Number of protein chains: 2
Amino acid sequence: MANGMQAPSESPGTGEQQADEVRSGRDATVTRRALVRAARRRFATDGYRATTVRQIASDVGVNVALINRYFGSKEGLFEACMNRTVDELDTANRAPVVGIDDVIGRLITHVVESPNADDPLQLLLLLRSSGDENADRIRRRTLESFTRRLAGAAGWSTGDPGTEHLLVRAQIAMATMLGLVMLRTSTGVQPAASATSDDLTGPLGEVFRVLLADPGSASRA
Amino acid sequence: MANGMQAPSESPGTGEQQADEVRSGRDATVTRRALVRAARRRFATDGYRATTVRQIASDVGVNVALINRYFGSKEGLFEACMNRTVDELDTANRAPVVGIDDVIGRLITHVVESPNADDPLQLLLLLRSSGDENADRIRRRTLESFTRRLAGAAGWSTGDPGTEHLLVRAQIAMATMLGLVMLRTSTGVQPAASATSDDLTGPLGEVFRVLLADPGSASRA
DNA sequence: ACCGGAAATCAACAATCGTTTACATGGGGT
DNA sequence: ACCCCATGTAAACGATTGTTGATTTCCGGT
């Protein structure tokens, strides 16, 4: 028994994931889409390195070689995941915003509460570093633009001298969401803070309201 | 070139870490300590799976086999890291707490601001899953007790019917810290939200004050 | 009905991982 | 000074990883 206990494998020890879409005929685009979907779940929950291409292929119920055929490499597949996440976040946030309560409600709904079960994972995916220079640059840029858009959605002017203070607040709000998702996904803490839609008036709503309120009201000297 | 571009390696692509302690003579305890220190950095920043024992050994400047000699396995080394982190967090939080500002100040100082450069990584270490059942159980239990102690330190009674509401608040506070550390460590966002010690009166202080305030004051219905 | 080509599989590769065994080396007690 | 055991090193193993080339299978147009 040379390598009998090879590696705890980060987390997929308890994680069995399967395809949720019947891939009946042999359709390239359908298979590609299924691969990206499975990959996003794996990458988000287990991280880039801990995810194996064989796992992803197995989740979809397809051979490993298809990943290299369609995406060139594991890294290419990761980039595809990033692009798709970026697109979805883009379209979701392009809708007009009415008032600060709308911003707060959207944040809580879209990120913490998650209408789609895969949605909160998108944020995690943005957080996970891949090690690949290119993918990491995309990730970082997306995260930054998202933060900036959050500040804009809150009705803050972006040219003021106190812009940095605004960004600080947006970053803290972002960090809170990230932390909640991680606390829920990566650890087993799960319960309390996930809450339901009336969170907008609960403690989480309070926090976001404080963070997104007019920074001149209560910020420091 | 069969496996020419093997794997982006999660993040250590840009991360070169070295020993910060001269290991002059041949002393087992010193070497063990150095290994744990290096391992904690690697595990916290890169995750369990992405960290290789050869990296850790190289960081210390020692042969790989010593890890298995002293800790049995990579998993054993991880467990040693967890234990040490648990101990440090324990002793750090056992000191008496005076008032809510003390709690807030400590959270910001110890976690976000980090007197010791390795301190914020401890929280990350608690967050990273290892995949090992045992280590994960330790991690989860520690995280939970930490959350509960946070609620206790805020002066909340632990027997009330509204206990769950208190835990929600503590979890959100915890998530905020976790998110900030991740935002700073795992991504390149780095700057604004790290701030300095006057954060206690800044936006981060506001958030924590809202979260740790008497839940009866502004919470929902 | 049939054949062309895309879609998917199989089998093997080089590299790297964690681990182990056998060997070298240095320092402290007698 | 000498030995001896703990400390550290070197080299190799089996398993798993990402990747690839050859092969098979199935759908669609003529």
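What you see below is based on every heavy atom in this structure, not just the backbone, and it leaves out hydrogens, waters and symmetry mates. None of the values given here were measured: they were computed from a predicted structure. Every chain is numbered from 1 and lettered A, B, ... according to where its sequence line falls, protein lines coming before strand lines.
B:Val36 pairs by the side-chain contact (heavy atoms from CB on, under 4.5 Å) definition with B:Arg40, B:Phe71, B:Leu77, B:Ala80, B:Cys81, B:Arg84, not counting sequence neighbours. For B:Ala38, the side-chain contact (heavy atoms from CB on, under 4.5 Å) test picks out B:Ile56, B:Asp59, B:Val60, with sequence neighbours left out. Shown here are the side chain to side chain donor-acceptor pair (under 3.5 Å) partners of B:Asp27, two or more places apart in sequence or in another chain: B:Thr29. Residues meeting the side chain to side chain donor-acceptor pair (under 3.5 Å) test with A:Thr52, sequence neighbours left out: none.
Atoms NZ (B:Lys74) and C1' (D:dT16) sit 13 Å apart, rounded to a whole Å. Look at CD on B:Gln55: it is 17 Å from C1' on C:dT19, rounded to the nearest Å. Between B:Asp46 atom CG and C:dC17 atom C1' the separation is 15 Å, expressed in whole Å. A:Phe71 places its CZ atom 13 Å from the P atom of D:dT19, with the value rounded to the nearest Å. A:Arg49 places its CZ atom 10 Å from the P atom of C:dT16, with the value rounded to the nearest Å. Rounded to whole angstrom, the span from the CG atom of A:Asn68 across to the C1' atom of C:dT9 amounts to 14 Å. In this structure, A:Ile67 atom CD1 and D:dG21 atom C1' are separated by 18 Å, rounded to whole Å.
At least one donor-acceptor pair under 3.5 Å links the side chain of A:Lys74 to the backbone N or O of A:Thr51. Under a 3.5 Å cut-off, the side chain of A:Ser73 and the backbone N or O of A:Gly76 do form a donor-acceptor pair.
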### Task
For each nucleotide in nucleotides 2-12 of chain D, reading 5' to 3', give B when a protein heavy atom comes within less than 4.0 Å of its base, S when such contact involves only the sugar-phosphate, and - otherwise.
-----BBBB-B
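In the helix from C:dA1-D:dT30 to C:dT30-D:dA1, the end axes, each obtained as the rotation axis mapping the C1' atoms of four pairs onto the next four within a five-pair block, lie 10° apart to the nearest 10 degrees.
Side-chain contact between A:Tyr48 and A:Arg42 is absent, with no heavy-atom pair separated by less than 4.5 Å.
Note that the CG atom of A:Leu35 and the CZ atom of A:Arg37 stand 11.5 Å from one another [nearest 0.5 Å].
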